[in-house]
Structures are given as structure tokens and as C-alpha cells.
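For reference, the structure is listed below as C-alpha cells.
In this text, all values refer to a predicted model and were calculated from it rather than measured experimentally. Throughout, a chain's letter reflects where its sequence line sits, starting with A, and its residues are numbered from 1. These values consider heavy atoms only, across backbone and side chains, with no hydrogens, waters or symmetry-generated copies.
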Amino acid sequence: MNYDFRKIEAKWQEYWAKHETFKASNDSDKPKFYALSMFPYPSGAGLHVGHPLGYIATDIYSRYKRHKGFNVLHPMGYDSFGLPAEQYAIQTGQHPAITTENNIKRYREQLDQLGFSFDWSREVRTSNPQYYKWTQWIFIQLFNSWYNKKTDKAEDVVDLVSLFEKEGNTNIEAACDDDTPIFTADEWASFSEKTKQELLLKYRLTYLADTEVNWCPALGTVLANDEIVNGVSERGGHPVIRKKMTQWSMRITAYAQRLLDGLDKIDWPQPLKDSQTNWIGRSEGASVRFRVMSEKLRVNESENSELRTQNPSLEIEVFTTRPDTIFGASFMTLAPEHDLVPKITTAAQKAEVEAYVEATAKRSERDRMADVKTISGVFTGAYAEHPFTKEPIPIWIGDYVLASYGTGAVMAVPCGDQRDYDFAKHYNIPIPNIFEGVDISEEAFADKANTVIANSDFLNGLSYKEAVKKVIAALERIGHGKGKVNYRLRDAVFSRQRYWGEPFPVYYVDGMPQMIDAQHLPLELPEVEKYLPTETGEPPLGNATHWAWDLEQCTVVSNQLIDNKKVFPLELNTMPGWAGSSQYFNRYMDPRNDEAIFSKEAIDYWQDVDLYIGGSEHATGHLLYSRFWQKFMFDRGYVPKDEYAQKLINQGMITGTSAFIKLATPQILEDEGDGSSKAALFYKSFIISDQDTHTEDAEVKRLFIKRIADEYRPLDELHKINRLLGAPAIGEKTLRSLLKISKEGLIKYLEERIEISRSYFRIDVDHVSNSDDLILSEFLNDTKFKEFKEFKPIYFDKTIKVHREVEKMSKSKYNVVNPDAICEEYGADSLRLYEMFLGPLEQSKPWNTAGITGVHSFLKKLWKLYSPLEGGEGGVEPTAENLKTLHKTIKKVEEDIENFSFNTSVSTFMICVNELTAQKCTSKAILEPLAILVSPYAPHIAEELWERLGHTESIAEAPFPKFEEKYLVESSKEYPISFNGKLRFKLEIPLDMGKEAIEAAVMAHEKTQEQLQGRTPKKVIVVPGKIVNIVG
RNA sequence: GCCUUGGUGGCGGAAUUGGUAGACGCGCUGGAUUCAAAAUCCAGUGACUUCGGUCGUGUGGGUUCGAUUCCCACCCAAGGUACCA
């Protein structure tokens, strides 16, 4: 009986579905285990072999935990809102919901054929209204919350209002906007309703604010940094500028410290923690205020007259980590987009400053950060007053200062900071030295540990630490600053000018946002004619004709009914990609609940995710935002844990191995008359080869000329000769000259002028055999490469080897490998094993389908090992050898799974089966536990073998075999005997022999004497059970 | 630029605490079987070699009886860098 994997896999997939084998119960006596893979975005291209990598790992662990007696929750769903579906909709007019549905169907088929133990009854889709109802609900909870720094948690805004009524906001310590004015209880009572709303918005955890975005006027939309290439949009190449826009933001900065502290409690990879730590970017220092000296008239910009205050003078606030160097400040630099720039710039500098600001608006933030070589800036003409010396300090603007970091302004201390130093040098700004005994003629001195301050008045002679302490005290005394902890983390922008995302449950009354009552959710995405922004530049939802909120009917109505009394306009932005993924792990616990995001019973039982596997590219997006939402949910009492995933593993990327063939193309170098020489390439004119020799070049040339000669006809028309040569790039001058000459002349001309140019040509990996040979017939029949139809290849060997290069898997690189064909040819079990066998889970590694034959033949050997047992036969007693093989396998596999080292267990299985086959093992006592060991990795074959062993129940919950040390005890070991660290021979020595006895035995050995040749060793190192090293 | 990860045969990779470098698999070579092919099985396979050995884990140093493993400096590649998911 052969290993018929197609039949076996179909059979068990059907069995599992029918028996709901993997359905998790919310009510069980067993200990719980929640294993989660990051859910995919269902793209149109379907799954490629990189996607299942993490899923297989999670599946192996889940199945293992079932064998270990756990009640396992292992769900799957789809992150189904996203840009690609919208992009496709823009191009084709197809509704994103339809393409998304189709894509999900395809994903589901592909996932099903891989034999995952998912509990599909819990599937979620972020674009499903029943799901995003709860995304909207969380948004409302955030809107109705503020962050109380005294209790260090989020609280209800209702409580904040009662505090305002009682005592105003003077005593409140809250995470709020920087420009929040101070008011008393009486003032609060006197404010209009709108002012109250406006003030509360400054405290809410989600709020409206002006944020900088990459605006592309031509496309009428905001672009992600990676949609911008060289300062223009990737699509269409239109200019992009930085622009301020009113958008929803999430006050994640309130949680900065807790997000940082929480990292200590969770078992996540250190690099991932590092990137979150850096992202949050905590730094200690001081905020210092500098008064602007050039007085000009200015007004507070707030439109609301109640909030307009009279500022006595303009001040620039900076954050610095080195307040100790304040006496070394010789200029200040503002980000070009800093609010004060237009206010302080003098008339004389105005033109230059404006030009610079405009130029900077065209540069991306990443570009500005990465480019440290170009120094640029402009003097504003204004001066600030040094808080201590009262000396004037010139104020510059420079694009090395980013508006989004700190206050968007720095006090520049050139002697202590290299970028300030470079800037000062470049613009001839003085570089006062305030360090004792340090030479700053070449570069800045930034070594805090060895700092001794000089030329700094009351700070002279102090170390960094002492000076910081003293200067902060002094700044506080004169009212010019204070000690401050600054975070690089910014509040997260939560609005997107897109169609295919969650609508905000928000309508506007008198310009102020109002929440729709939660009982009326979900607020469903409206239909639109076009998925593009409107002509007036509003987001796509601006195209909807029914997008207004009727407050009385509590329903969406036609825009024409808007009267701003009972019917109000709805929000036109949608939520970002990370909205739907920030609590999905909790929703899986109770996904069909329509009354609550999840029941209390469900969250109390499942608590949190025990194992979360996904890509590290989510480190500072999804994985940070979801921690933020979890902490918020915790504060408001909805979840019992403030970190949702105890352990997280990043699976590496599977890269593609692109294939190339080498082309040898004849070309003519011609002089175009203007001194430049131009290559005329004969593109269609053949040659695929894998050699690179001169003799080959000569052969290519000879054959090419022969073909031209054979096909030569007297010609008088340009296009004819063009067709003959198949040369789209041939130059006109060459053509003209060729026209005039005879066949003999043409041949002579070609012989003199032709040179062979070599290049790589990218081909589809589908046309490459397992041994890296080009399958020529398939390649020539591929319509993608139809220009090669007329190719007449020359080869010098029987086969053409392709050149391989490792690159990211992508459609455009023709290197995408889908799991479907592999499942068809080798089966899901082979694919699962092979994906694990490729290498460590966390590392990125290239895919090469060729190697799969190894694991496939392993499965065939495994199958063969069990065939004598067909019919429940085979109660043979196991031999000591059998038991040793089995138990060493149990030990290794168990350790491997616990350490997520799945690649090494596959090797272990291979060794085990090779050994048992050699031992001709037919013992049920060995083969039964082996089937269980294999089952997490290759579940279909394991189920089938289990059944053949006479079991009627699924293998899924069979207890994991128990390792017993006694079968592995050895009495002796083959010691490596090395001389000066180099292995010379091996010697069998009993393991119970002591150090001295071993040394004596080794020294007495004839080979030792042979090596020493009479010398006396200086030293003999004996490590019992390990090694012997003789030195001398 | 900054942060992070990685670099071992022709290829993917293994090597538990510093202790036999290259397990296991692919590929390749030779053989068996076959009319032939596929499949299967057996043997070999880091490089060089005067067949004694010598060299060898990105490069250059260091620590050690002993370094893929620890330390320092450098080179290269990949991922992230705030609206791709």
C-alpha cells in the first residue's frame, strides 16, 4: 500500500471539520492555552509560501499543547480593511467588499488544504459590520475617557467634568494638549457649551488636532512615506508637500511610561522590545524657555475669543538633554515648520526664510533624518535672549530639526553636539568652548561621563550630573524652565482619507464632534459612486449621498436633509489599518457576542494570549498600538490583564530565489556623428548560455553573422532590415549604411563591428527545474516573455543553468511560489515539514522548492515503517535499541517544541526513522508513541497511521509520550584526544572512569606516544564526558 | 543616518555551558535495479595536498589548554524608521 497523501489529507481534513475536532470550549476543566497567529490581510495574490510559516509553527505548538492536556484556543480571521482592495476598486470600480470576499474565499481554501487546527467557528473579519461595531465602540470609550496622572490610569470624562465644576482645572494632572488654558470653576461655569466641548477635547484620549501629513495635491490624498519615492508620489509621480490637517489622534503619549514599563513583564524578543523602547524614546533633561528679543506685534491665533489670552512676550521653548551646556549655546535652530517662524522672521530675511520653508516642505521626514551630510539652514534675523547671560542668540531655521520631535526647536550647543557643531562651522557661527581641558577644534565633545564644565558662571568645575541638577534648579528659580522627561513617541494619527476602513461613529454639531450612541452601532460604511477623493478634496466618503445623522430617528439619512438642527453631517474620514487589529485577540474569545465586545465569563476564562506568532515588521505599529488599547481596556475594567500576550515570537520572512538566464547579445557600437557612441542591440537575436568565455563569444558572433547571411535578401526598406535583424534599438546611421551595402559588405561590416554584450535576464521561477536548469520549452511558451519566441538559443552544454539571487518574494520579480501546487504534488504534510525544516523560525531564509523531496521521501519512509503493522498486527516486544532511539527522539522533540526549534525536530524525526528502519522495528510500543510525536508536524499521516494501528478516536488528544532517561544510559564514550587543541584520534573510555584514570589511560596509549615523540607534555586537560587535550 | 538582525561546504542549515565544525536534507559523482525513464536502494562528497598532513565558520586583532561560540575594530546583506499590512 503506497503513501497516498492526497486521499489521506482530504479524508482527515473532512474528518476534523465534521467532528469539530479543534473547537475550543469557553467552559472546560482543562488548563487553557491560547495560541494566536497574526491574522492576514487577504490580498488578491493569495497566500504564498511565506505566509504559512508562522501559522504552521503556531499550529504545531497548539497540537502539542492538546497532546499535553490543554484546552487550546487557536483561532484565525482576516484583517480585511486595507489599501490594496481600495486601490483595486479605484482602478476597476469593483466594490472592495466584493474583492475582499473573493480573496477571503481563496485564502480559506488555501488555509484549509494545509491542515491547520483552527477553530473556524470563531473566525473574525475586521471589515464585517458585526465586528467593526466593536471597533467603533472602543473608539467611543476612548473619546469618553481622559488620563488622570494622579491615579495613573484612564478615567471617565464625566468625572473630569465634575472636577471642573468643583475646582476648575488648576489641580488636575492629566495628559492633555500643551495649549490647554488654566481656568477656575467659576470660569468653567461661565463658558459656552461649545467652549466646554473644545476644552474637553483637549483631555479626551481620542481628539481632533492639526497634524502634519504628506499631502499630494494632484491625487487629492495623503500618502504614506513609502508611497513617496524621491519626493514625488509613487503613483503618477506628482509632487508631495507637508501640510497640516485636522485629524483624529489617539493620546497614546499618556501611556508612554506604562508602555515602556510593561515591556519588563512580557516575554517578547529583545530586538522587538528595543524597537518599542526606541520608538517611545524616553529622555530626561530640561525644558527651557528663551525670550525672543525682536519684538513684533502678534496675536494669539485661537479663533475662539474666550480662549484667547494675552501673551506678554514671545517665547521659544526647547527641550534639551544637556541643560548643563546651556552656557555653550551660541544659536538656536527651529524646525522650518515651527509656528514661530513667520512671527519672528525680520523683513530683511523674509524672502530667504520663506523659500527655505517651502523647499523643506517637499522633503520627507525620513529623508531629512537620513541625510546628515548636507547642512542647510537660514537665519531668521531674530534673536533670543539667553536666560542667564541675557546675551542675544541668533535664531536660525534648519531642516535637521524636526517639528515632530520635542518642541521642534533646539538650543544649539556646537561644542557639545556634532550636528550643531557642523552647522556652526558651515555658517561661521562662534563655537564657545565650555568644557575644561577639551580640544574642540576638530569636533564636538559629547562624552557626558568625562565632562567638566567651564566658562559657565555658576556651573564651572561641575560634572555633567551636578551641573544638570544645579542648572535645573536655577532655571526653575528664574522661571525659565524645569526638569522634564521627554518622549519621542507622538500621539497616533487615527484618521485616514480612505474609503475602505471603519467609519467613525461621529457626527458634527456646530463643528464639534459628537458620538453616536453605542446602541445604534454599527454605523455601516456607505455606498459611494467613486472611491476617490471628491473634487473639493474631501475624503471618499464625501461622495456618499446618504451620509448624515438624524438625531431623532437615530439613523443615517440623505445629505440633503442636513439642517444642523436634527440632522447633522457625519465624519468623512475612516479609521486606519491598525484600528481593527488592536483588540481582535480579545474578540476571538467570544466572537459572536452581539451584546458586548466579549462576555465577562469568556475574558475571565481565557485571560490573555499565551503564545503570539507574527512578523517583526509590526513591532512599532500593531504591536505597540494594541498594547496601548489593552492598557486602556484594563484601566476601564474590561480586561483582567494589562498586557495581552505573554510570549511573542517573530517568524522570519521567507525570501524568494529569483532566477536569471545569461544573455549574450550581439551589438554594434556606432558613432552617431556628435562624438557619442551608441550601442545598437540586436535584442531578439538569441543566445542563452551559462558560460562566459571568449571562445563562446566568438561562436555567438559567428552564428549570428551566419544567420544574417542566410536570411539576407536585397532590401530597400528600413522596416525590412529592421525585422531581419530584430533590432528595435538599432541606430539610424547604422541602418542607412547597412542599406547601401551588399551581402558580402554587410558580413564584413558585422564581423568588424559586432561585440558581444552579456546581461542577466529575469525569468519566472516556474520555468526552472529542481536542479536549477532552465526548462526551455516552458520558458518559450510563457506569454510574459513572448519576445523570446523568435529566439534561437545556442547552448554549449546540454542544459542551461540559471543564475539565482535571493530577493523579497514579489509578483514583479517572478519569484513567488504558491503553496497550492506544492500541496498537489507533495501534500500538506510535506509542505508543513519542509517549511519548518528550512531553518530557525525567527530567521529569514530563502525558499527553494527543490529541497522538498527530502522531507517527502522521509514521509514515505515513515509510511513504510508502519506497513507491516496493517490490520492491528505487531505486538512485538521492543528491543533496547528501539527504545533508545524512541526515547532520544522524545527528549529532543519535546525540548525542540518548547524552544520553538522546529527545524531540528524534523532532522530528529529523519534520524529516528532511518534508525528504526535499519533496526527493522515493527513494535507497536515504539510506533504508537512515534505517531504522536510526529502528529503536530504532519497531522494527516499521523492520524492515518494512528487509525491503522487500530484506534478509532482522533490522535489529536492522545497524551504526549513520556520520556524515560533509563533507556539512554551509556556505559562508555568515545573520547576525542587532541594535542594542542587539534584532534588526533579517538579512544573508547568507560564513563565512570575518573580524571586521573583517564589521563593515565590516554598517556599509556601507543598513539599518544607516537604524537609526543618523546616529549613530555606541559599539561593534560581532562574534561570527563567531554574531551582530553594534551598541551606541549 | 539611526535602531535591529544575520554572515558556517555548490545550497538550506546543525553544533545544549567555550570542548570531535559541517548533523539532517537538497544538489552533485559513481554503482545496483530497469528495454528505457521515473521511483527506490548502496557508496562517496569542505578546500588544498608531495597522502605525512595543511588550511577552513564575513575580514583583522585579542582572551583561552581549546573559540562558529567570549571581547574589540571593521566589511557586507536584510528588516524597521510613525498613512503598505
Report, one pair per line, the protein and nucleotides 72-78 of chain B atoms (nitrogen or oxygen only) whose separation is under 3.5 Å.
none

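- If you run ring pair (Phe, Tyr, Trp, His ring centres under 6.0 Å) between A/Y3 and each of A/Y826, A/F858, A/W863, only A/W863 comes through.
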List every contact pair, protein side and nucleotides 48-54 of chain B side both N or O, where the distance is under 3.5 Å.
none

Using nucleotides 2-5 of chain B, report all nitrogen or oxygen pairs with the protein that are shorter than 3.5 Å.
unit_1	atom_1	unit_2	atom_2	d
B/C3	O2'	A/N278	ND2	2.8

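- Remark: the separation of the C1' atoms in B/G18 and B/U68 is 11 Å, to the nearest Å.
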RNA chain B in dot-bracket form (Watson-Crick or G-U pairs under 3.5 Å, [ ] crossing, | inter-strand) is (((((((..(((......[....)))((((((.......))))))(((....)))..(((((..]....))))))))))))....
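- Here the side chain of A/L83 is nearest to one of B/U40, B/A85, B/C41, namely B/A85.
- For A/Y499, the side chain to side chain donor-acceptor pair (under 3.5 Å) test picks out A/H95, with sequence neighbours left out.
- For A/E999, there are no side chain to side chain donor-acceptor pair (under 3.5 Å) partners at least two apart in sequence or on another chain.
- Regarding A/E915, its CD atom lies at a distance of 15 Å from the P atom of B/A23, rounded to whole Å.
- For the C1' atoms, the distance linking B/C75 with B/G61 amounts to 15 Å, nearest Å.
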With 3.5 Å as the limit, what N/O pairs link the protein to nucleotides 18-20 of chain B?
unit_1	atom_1	unit_2	atom_2	d
B/U20	O2	A/K986	NZ	2.8

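- Every residue two or more places apart in sequence or in another chain that forms a side chain to side chain donor-acceptor pair (under 3.5 Å) with A/Y487 is listed here: A/Q257.
- Against RNA chain B, the stretch residues 903-910 of chain A makes heavy-atom approaches under 4.0 Å through A/N903, A/T904, A/S907, A/M910.
- Not counting sequence neighbours, A/Y421 has no partner by the ring pair (Phe, Tyr, Trp, His ring centres under 6.0 Å) test.
- A/H238 meets the ring pair (Phe, Tyr, Trp, His ring centres under 6.0 Å) test with no other residue; sequence neighbours excluded.
- Residues forming a ring pair (Phe, Tyr, Trp, His ring centres under 6.0 Å) with A/F837 (at least two apart in sequence, or on another chain): none.
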